[in-house]
Each structure stands twice: as C-alpha cells, then as structure tokens.
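Take a look at the structure below.
All ligand and atom numbering here is 1-based and tracks the order in the structure. Side-chain atoms are counted along with the backbone in the values below, which use heavy atoms only and exclude waters and symmetry mates.
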Amino acid sequence: MVPETEQLVICRDRASGLVAVIAIDDTTLGPALGGIRMLAYPSEEAAVAECRRLARVMTLKNALAGVGFGGGKAVILHAAPPGGRAAALRAFGRFAARTGGAYIPAVDMGTSVEDLRIVAETASDVACDDVDPSPATAVGVHAAITAAVRTTGLAPSLEGVVVLVQGVGNVGAELARLLAEDGAAVLVADTDGRRAARVARDVTGSVVAPEEVVAAACDVFAPCAVARVIDGAAISRLRARVVVGSANDVLDHPRLARELAARGIAHVPDFVANAGGVIHVRALRDRWPAARLRAALLDIGRRSGDILEEAAHAGVTPLEVAERAAYAQLDRAGRRPFGDGAPRDREAPLAA
Ligand code: NAD
C-alpha cells in the first residue's frame with residue numbers, strides 16, 4: 001500500500017546525473033523532516049513507492065515523538081552517482097531548497113554527516129550536518145528492547161538474552177555495544193563481512209551469515225538495515241520472541257503485524273523504537289541540556305512498554321495502537337483529508 005503524499009518531487013539533474021525522489025508526506029505538525037536514502041533501486045517506481053512509504057512512517061514517528069516536525073523522506077537512486085557523489089549531493093540540495101523549507105533532509109541508510117554537510121552547501125535547511133544522530137537512535141532502540149523483554153516476561157533484564165542485530169552500521173554497531181554492556185549475548189549480521197567481524201569482535205559476539213538471519217536462533221531480532229525484512233516467507237521461519245530494531249518499514253505488509261501477534265512474537269513498531277534520531281534533531285535545534293535529551297530517549301522504552309501492554313490488553317497489534325496514537329496527534333493538530341474530503345488514508349492507516 002502506498003499512502004497519499006502531500007507533495008511528491010522527482011528530481012533529475014543532467015549535469016551530475018542525479019535522479020532522486022523527495023516525498024513530503026504531511027506537514028501538519030511542522031516542516032517534513034526525514035533522511036536521504038542513497039541506494040540502487042530496481043526501478044524508479046520501486047524507489048518512489050518506498051520513498052512515499054518511508055515518508056509516511058516519518059509522519060507517524062515525528063507525531064508520536066512530539067518533536068514538532070512533519071514527515072518526509074528522500075531517496076537518491078544510485079549507490080554511486082554517475083557524475084560523482086559530491087556533485088549529486090549538491091544538486092540534491094538545490095532540489096531540497098526548491099521545496100521552500102517544507103522538506104528538511106537528514107541522514108539515512110547510505111548517507112553520512114559528511115554527505116549532509118555537502119547537501120547543506122545548496123539546501124536552505126539541513127539536519128544532521130554537524131552531529132550524527134545514530135548514537136541517540138541506538139539509545140532509544142536499546143530502551144525499547146529492554147522494555148519489550150521485560151513487558152513480555154521474557155527476562156527481567158538483558159543479561160543472557162540472545163539478541164541478533166541485522167546490519168551493524170551507524171546504529172547497529174552502537175546498539176550491539178549497548179546490548180553487550182548489559183550482558184546480552186550479541187549475534188551480528190552484515191552484508192559487509194569485514195564490518196560484521198569487527199563488531200562481533202568488539203562486543204565478544206558471533207557472526208551470523210546475512211541469509212541466515214531470519215531463521216537464526218535468538219530471543220530478540222533487531223533489524224537495523226534495509227526495509228521490509230519481515231515478509232510472508234520470513235515470518236514462519238522467525239525464531240525470535242521479540243522484534244525491535246532501528247530499520248524503518250520492517251514489515252513487508254502491515255497485516256504481518258497480526259501474524260506476529262498470533263505467533264506470540266512481540267513487535268515494537270519501528271517508528272516507535274527508532275525515534276531517537278529525530279528527538280536528537282529537536283534537542284540540537286532547541287539546545288536541550290544533555291539530561292533532557294537522555295530522558296526523552298529513555299522515554300522511548302516507557303512508550304514501547306505501554307504500547308505492548310495496551311495491545312495485549314485490547315487484543316490488537318502494537319502497530320495498531322501506535323498508529324492510532326500518532327493519527328490522534330495529527331487529528332488534534334487539525335489534519336484534514338485531501339481533495340474530495342473522503343478521509344481515505346485516515347480510515348485505512350498502514351495497519352489496515
Ligand atoms: P548504515 O548505512 O550506517 O548501516 C546499515 C548497515 O546494514 C550497513 O553496515 C550495511 O552493510 C548493512 N546491510 C545492508 N543491507 C543488509 C542486509 N540485507 N543484511 C544485513 N546487513 C545489511 O545505516 P544506519 O544509519 O545504521 O541505519 C540503519 C537503519 O536504521 C536504516 O533502516 C535507517 O533508516 C534506520 N534509522 C536510522 C537512524 C539513524 O539515526 N541513523 C534513525 C532512524 C532510523
């Protein structure tokens with residue numbers, strides 16, 4: 001399902017060869033904040049669809065986290081832009097500037113703080129061009145995992161709990177370190193074998209082959225890489241009791257949330273668990289003291305536990321509980337349906 005998008009921009013720059021998409025999903029709560037994903041896609045259609053879905057996820061995340069941003073996302077459709085990386089990023093910044101401040105680019109898979117610094121040369125507003133938000137994201141995911149393990153009765157703490165981290169890049173490597181500090185047994189998988197080996201060594205953990213991730217024996221599966229790793233085929237092979245990670249848009253289809261619940265697998269929606277990055281952006285902009293930022297990041301744990309408890313109590317999925325809460329925030333802020341007035345995507349949210 002592709003959600004309705006407030007503004008969709010296809011960007012082509014002849015000089016640099018850049019092809020990119022900017023999806024501004026919703027600006028009810030503020031300018032649309034969301035990362036730039038840089039990845040080779042099988043087709044432009046696939047990139048547009050993914051960008052729109054990810055932009056909606058940002059709307060829900062930013063609403064629930066109360067950070068005063070709307071939701072947006074961008075994708076640059078090449079892992080290695082034909083005219084060079086810097087030229088493509090500068091061209092992208094010019095397109096972002098043309099949105100007149102409605103879209104604020106940030107880091108995402110495939111882009112770094114250094115890349116955002118280049119985007120900032122031409123864009124009017126950029127987040128994450130000074131400090132990497134990934135450690136903050138990892139603190140929030142760690143809090144969500146701890147809460148999920150406790151709330152589900154799996155264990156009183158992470159001591160001895162087996163956690164598999166899929167993707168040990170900016171967020172995953174820091175998450176692995178935090179988990180190991182708490183005594184968890186950490187398994188790591190990454191398509192970059194050297195990176196996986198390095199992180200496993202650092203946390204005294206073990207490496208799992210990327211293609212064996214879904215069926216690997218573990219208590220907690222923490223997807224911290226690509227989107228939609230849990231699809232119809234994966235779900236029956238999952239051996240984890242808890243699914244919580246940083247990766248956006250983890251479920252191939254929202255109905256899989258019900259299948260996870262039916263199999264007794266606790267799932268904290270990605271846009272709840274991975275809000276640390278956007279909270280960090282708000283903290284920097286408003287110069288929060290470190291203690292306030294830390295409290296807001298740890299609050300992701302409380303929110304995750306509450307959502308799991310409410311879902312169990314009400315007999316619905318955690319995804320439905322989290323989406324309802326996020327849409328309620330948007331409604332309170334006066335969000336209106338598009339066009340003919342039919343409340344299409346409010347009646348058919350992602351969890352439909
Ligand atoms: P990253 O690019 O730094 O790391 C991703 C890692 O995953 C890399 O090491 C890559 O080699 C690996 N990888 C890619 N495909 C894989 C696969 N199929 N199997 C195993 N490993 C694979 O990205 P990141 O910044 O750490 O973000 C990770 C995820 O978290 C993304 O989905 C991103 O959208 C999400 N996220 C990140 C932040 C943040 O603050 N960085 C905030 C919110 C959400």
Query - Side-chain donor/acceptor of Asp13 to backbone N/O of Ala91, under 3.5 Å - result: no
Report task. Under 4.0 Å from a heavy atom of Asp108: give me the atoms of ligand 1 that qualify, with their elements. Result -> 33 (C), 34 (O)
Query - For Ser134, the ligand 1 atoms whose distance to one of its heavy atoms is below 4.0 Å - result: 39 (C), 40 (O), 41 (N)
**Report entry** Under 3.5 Å: donor-acceptor pair, side chain of Thr137, backbone of Val171
**Finding:** no
Report summary line: So for Cys224 against ligand 1, with non-hydrogen atoms under 4.0 Å, the contacting part is backbone
Query raised in the report: Below 3.5 angstrom, do we get any N/O pair linking Val171 and ligand 1?
Result: yes
Query raised in the report: How far is atom 14 (C) of ligand 1 from its nearest protein heavy atom, and which residue and atom name does that atom have?
Result: Thr191 OG1, 3.6 Å
Requested in this report: Give the residue, atom name and distance (to 0.1 Å) of the protein heavy atom nearest atom 44 (C) of ligand 1.
Outcome: Ser246 O, 3.3 Å
Report summary line: In Thr27, Thr28, Asp26, Thr59, the residue satisfying side-chain hydrogen bond (donor to acceptor under 3.5 Å, both in side chains) with Arg335 is Asp26
Query - Closest protein heavy atom to atom 32 (O) of ligand 1, given as residue, atom name and distance to 0.1 Å - result: Ala225 O, 2.7 Å
**Report entry** Taking atom 4 (O) of ligand 1 as the reference point, the nearest protein heavy atom with its distance
**Finding:** Gly169 CA, 3.2 Å
Report task. Specify the protein heavy atom at minimum distance from atom 3 (O) of ligand 1: its residue, its atom name, and the distance to 0.1 Å. Result -> Asn170 N, 2.9 Å
Query raised in the report: Just wondering, do Asp252 and Leu256 contact through their side chains at under 4.5 Å, heavy atoms?
Result: yes
Return all side-chain donor-acceptor pairs below 3.5 angstrom for residues 195-212, not counting sequence neighbours, or 'none' if the list is empty.
none

Report task. Check each heavy atom of Lys61 against ligand 1 and say whether those closer than 4.0 Å belong to the side chain, the backbone, both or neither. Result -> side chain
Query raised in the report: Is the closest N or O pair between Val107 and ligand 1 shorter than 3.5 Å?
Result: no
Query raised in the report: Please state which protein non-hydrogen atom is closest to atom 8 (C) of ligand 1 and give its distance, to 0.1 Å?
Result: Arg195 NH1, 3.1 Å
Query raised in the report: Less than 4.0 Å between a side-chain N and a carboxylate O, is that true for Asp219 and Arg241?
Result: no
**Report entry** Region of Asp190 engaging ligand 1 - heavy atom pairs below 4.0 Å
**Finding:** both
Query raised in the report: Could Glu181 and Arg177 be called an ion pair, given the rule that one side-chain N must be under 4.0 Å from one carboxylate O?
Result: yes
Query raised in the report: Val226 heavy atoms, cut-off 4.0 Å: which ligand 1 atoms fall inside?
Result: 15 (N), 18 (N)
**Report entry** Which of the ligand 1 atoms, numbered from 1, are nearer than 4.0 Å to a heavy atom of Gly110
**Finding:** 2 (O)
Query raised in the report: Okay, side chain of Arg117, backbone of Asp129: is any donor-acceptor separation there less than 3.5 Å?
Result: yes
Report task. For ligand 1, indicate whether the residue Thr137 contacts it via side chain, backbone, both or neither (heavy-atom separation under 4.0 Å). Result -> side chain
Query - Val149 reachable from Leu298 in the ILVMFWY side-chain graph, under 4.5 Å edges - result: no
**Report entry** Charged N-O contact under 4.0 Å between Glu50 and Arg228
**Finding:** yes
Report task. Considering heavy atoms of the protein only, find what lies nearest to atom 23 (O) of ligand 1 and give residue, atom and distance to 0.1 Å. Result -> Met109 CG, 3.6 Å
Query raised in the report: With sequence neighbours left out, what residues match Asp286 under side-chain hydrogen bond (donor to acceptor under 3.5 Å, both in side chains)?
Result: Arg282
Query raised in the report: Tell me, which protein residue and heavy-atom name are nearest atom 43 (C) of ligand 1, and how many Å apart are they?
Result: Asn274 O, 3.6 Å
